[in-house]
Amino acid sequence: MTTQLLPGVTGVLALADGTILQGVGCGATGTALGEVVFNTAMTGYQEILTDPSYMSQILAFTFPHVGNVGVNVEDVEQMGGGSDTSARGAIFRDVPTEPANWRSESSFDDWMKRRGVVGLAGVDTRALTALIRDTGAPHAVIAHDPDGDFDLDALVAQAKAWTGLVGLDLAKPASTLQAFEWDEGLWDWPEGHPRVDAADRSVVVIDYGVKRNILRALASTGAKITVVPATTTAEEVLARNPDGVVLSNGPGDPAATGEYAVPEIRKLVESGKPLFGICLGHQMLALALGAKTVKMDQGHHGANHPVKDLTTGKVEIVSMNHGFTVDRDSLPEAVEETHVSLFDGTNCGIALKGRPVFSVQHHPEASPGPTDSLYLFQRFADSMKG
């Protein structure tokens with residue numbers, strides 16, 4: 001490889017095709033391997049980087065200025081862990097700025113160091129976004145060395161050797177190891193997250209990589225929330241006698257996780273319990289009902305995606321984060337398409353006809369993003385009343 005490093009370069013992104021992007025390293029030192037995707041959100045970088053659905057991915061932020069609101073403990077989305085079960089690396093147009101916000105408890109750069117997120121700044125993120133748009137999400141290695149010592153050939157070889165997300169079950173490492181209860185509600189200024197007194201309804205959430213704000217949104221409907229591991233059987237779920245079951249978001253290939261999850265989801269559907277799937281949970285519910293999923297070239301990642309609710313005719317601006325999609329042409333007769341992306345026409349929601357079973361591809365809890373879709377949690381709560 002003949003790439004010549006420029007003076008002062010302390011960070012690089014090595015793509016599997018041999019392309020090298022050079023810049024200023026930030027965050028943690030070392031290397032991280034993953035699939036590079038771009039996110040178009042203008043706010044919420046902390047929530048984005050702690051979303052377990054980004055496991056084994058490197059995020060390029062299209063918004064150029066990142067870091068000004070700092071970080072805090074309340075805006076972490078994953079239940080536990082660091083970059084091993086969320087985003088591995090982050091790419092920025094400008095070097096992250098120092099915090100200037102009353103909620104900040106730490107600088108963004110220091111937080112990235114503690115979490116093990118390898119950062120790269122000072123690169124042309126517009127060109128990288130165009131590359132991903134035109135050729136698909138590449139496999140890459142992001143590296144940060146304060147001395148600028150990089151073996152570029154070895155980094156490219158590592159990226160080229162990675163087999164990617166297809167066939168990877170990442171829900172198990174992203175999931176909780178044991179069941180626990182949750183009673184924290186949605187953020188309410190200025191008090192923060194209140195404790196919610198549970199009503200007479202109970203919900204079991206199967207954790208494939210759940211976000212905290214999904215649990216908060218569910219708790220805010222007045223339900224008692226119990227979170228269980230990804231490998232929990234239908235019999236174990238039903239033994240808790242819940243009024244409803246939620247299939248959470250999560251990382252990886254839905255077909256791979258579905259090898260053990262789909263048979264259990266089918267049993268839950270047959271039980272007659274109200275069922276609500278989100279993101280990965282939506283994809284696996286579709287698999288359980290007889291549809292197929294496929295890998296997308298770029299995926300959907302951002303907080304400004306227009307989705308139409310076909311049941312109401314309304315258009316919502318939603319938060320998205322997924323690299324696989326349900327093949328809408330494979331939906332069986334018994335399944336109704338309820339939501340569709342107005343960007344590319346891909347499926348964003350389904351419902352089982354005549355049953356209290358439905359799911360959406362987008363994130364109704366947002367975090368970050370608009371709250372246009374929060375009504376879906378109430379829709380699920382109403383289905384449990386029925």
Side-chain angles (χ1 to χ4, degrees), residues 79 171 175-176 178-186 193-250 261-289 309 311-312 334-336 338-339 349-365 371 373-386:
M79 296 305 304
S175 177
T176 182
Q178 60 185 13
F180 64 91
E181 293 189 355
W182 181 274
D183 64 355
E184 189 176 83
L186 290 169
H193 295 286
R195 298 295 171 182
V196 179
D197 293 329
D200 57 355
R201 297 186 305 277
S202 64
V203 174
V204 168
V205 178
I206 303 180
D207 175 17
Y208 303 115
V210 71
K211 291 173 64 180
R212 289 173 183 259
N213 270 289
I214 288 177
L215 302 180
R216 289 166 178 151
L218 286 168
S220 292
T221 67
K224 175 185 176 183
I225 310 299
T226 302
V227 183
V228 298
T231 54
T232 304
T233 66
E235 289 78 11
E236 291 170 326
V237 171
L238 296 174
R240 296 180 179 273
N241 195 30
D243 295 293
V245 179
V246 170
L247 311 174
S248 87
N249 66 294
V262 163
E264 306 306 321
I265 294 171
R266 287 196 183 112
K267 296 174 188 175
L268 292 172
V269 172
E270 293 166 0
S271 74
K273 296 284 186 181
L275 206 60
F276 179 25
I278 297 173
C279 198
L280 179 66
H282 160 72
Q283 296 161 359
M284 291 197 297
L285 176 62
L287 291 173
L289 297 177
D309 184 341
T311 67
T312 64
V335 177
E336 173 188 8
T338 59
H339 295 73
I350 60 173
L352 183 58
K353 295 177 181 177
R355 305 285 286 275
V357 175
F358 69 99
S359 61
V360 291
Q361 180 63 77
H362 46 286
H363 282 252
E365 83 290 347
T371 56
S373 298
L374 270 179
Y375 70 91
L376 289 167
F377 291 101
Q378 190 57 51
R379 181 180 290 183
F380 176 59
D382 292 342
S383 73
M384 290 188 287
K385 295 176 185 177

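Source: prediction; values computed, not measured. FYI, side chains are in, hydrogens and waters are out, and symmetry mates aren't considered; it's all heavy atoms of this structure.
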Nearest 0.5 Å please: distance from the [atom1] atom of [X] over to the [atom2] atom of [Y].
X: Phe358; Y: Ile350; atom1: CZ; atom2: CD1; result: 11.0 Å
X: Ser271; Y: Ile265; atom1: OG; atom2: CD1; result: 12.0 Å
X: Gln361; Y: Gln283; atom1: CD; atom2: CD; result: 4.5 Å
X: Phe180; Y: Thr226; atom1: CZ; atom2: OG1; result: 9.5 Å
X: Ile225; Y: Asp183; atom1: CD1; atom2: CG; result: 9.5 Å
X: Leu285; Y: Leu280; atom1: CG; atom2: CG; result: 11.0 Å

Practice prompt. Would you mind telling me which of Asn241, Val357, Leu268, Asp243 makes a side-chain contact (heavy atoms from CB on, under 4.5 Å) with Lys273?
Written response: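 With Lys273 as partner, Asn241, Val357, Leu268, Asp243 yield a single side-chain contact (heavy atoms from CB on, under 4.5 Å), made by Asn241.
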NZ/NE/NH1/NH2 to OD/OE distance under 4.0 Å, [X] and [Y]:
X: Glu365; Y: Lys211; answer: yes
X: Lys267; Y: Glu264; answer: yes
X: Arg216; Y: Glu184; answer: yes
X: Asp309; Y: Arg379; answer: yes

Discussion item. Take a 6.0 Å sphere around CD of Gln178 and say whether it holds more than 12 heavy atoms from other residues, nucleotides or ligands.
Written reply: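 12 or below, so no.
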Worksheet item: Is it true that atom NZ of Lys224 has more than 12 heavy atoms of other residues, nucleotides or ligands lying nearer than 6.0 Å?
Response: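 No.
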Side-chain ([X]) to main-chain ([Y]) donor-acceptor, under 3.5 angstrom:
X: Gln378; Y: Tyr375; result: no
X: Thr371; Y: Leu374; result: no
X: Ser175; Y: Pro229; result: no
X: Ser248; Y: Ile206; result: yes
X: Asp207; Y: Ala230; result: no

Fill in: Step-by-step side chain to side chain contact (heavy atoms under 4.5 Å, CB included) determination, Leu247 to Ile278
CA-CA 6 Å; Leu247 311 174; Ile278 297 173; over 6 Å; no
Heavy-atom closest pair, residues [X] and [Y]:
X: Cys279; Y: His363; result: SG-NE2, 3.6 Å
X: Pro356; Y: Ser383; result: CB-CB, 4.2 Å
X: Pro242; Y: Val204; result: CB-CG2, 3.8 Å
X: Pro194; Y: Leu186; result: CD-O, 3.2 Å
X: His282; Y: Ser359; result: ND1-OG, 2.7 Å
X: Val210; Y: Met79; result: CG1-CG, 4.0 Å

Worksheet item: Where do Val203 and Val245 land on the side chain to side chain contact (heavy atoms under 4.5 Å, CB included) test, with the steps shown first?
Response: CA-CA 6 Å; Val203 174; Val245 179; over 6 Å; no
Practice prompt. Check the pair Leu352 / Val269 against side chain to side chain contact (heavy atoms under 4.5 Å, CB included), numbers first and verdict last.
Written response: CA-CA 9 Å; Leu352 183 58; Val269 172; 3.7 Å; yes
Discussion item. Contact between Arg240 and Ser202 at the side-chain level, heavy atoms closer than 4.5 Å - yes or no?
Written reply: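 The answer is no; the side chains never approach within 4.5 Å.
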Fill in: Note, Phe377 side chain near Leu218 side chain (heavy atom, < 4.5 Å)
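They are in side-chain contact.
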Item to complete: Classify the ring geometry between Phe276 and Phe380 as parallel (under 30°), tilted (30 to 60°) or perpendicular (over 60°).
Response: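 Geometry flag for Phe380 against Phe276: tilted rings.
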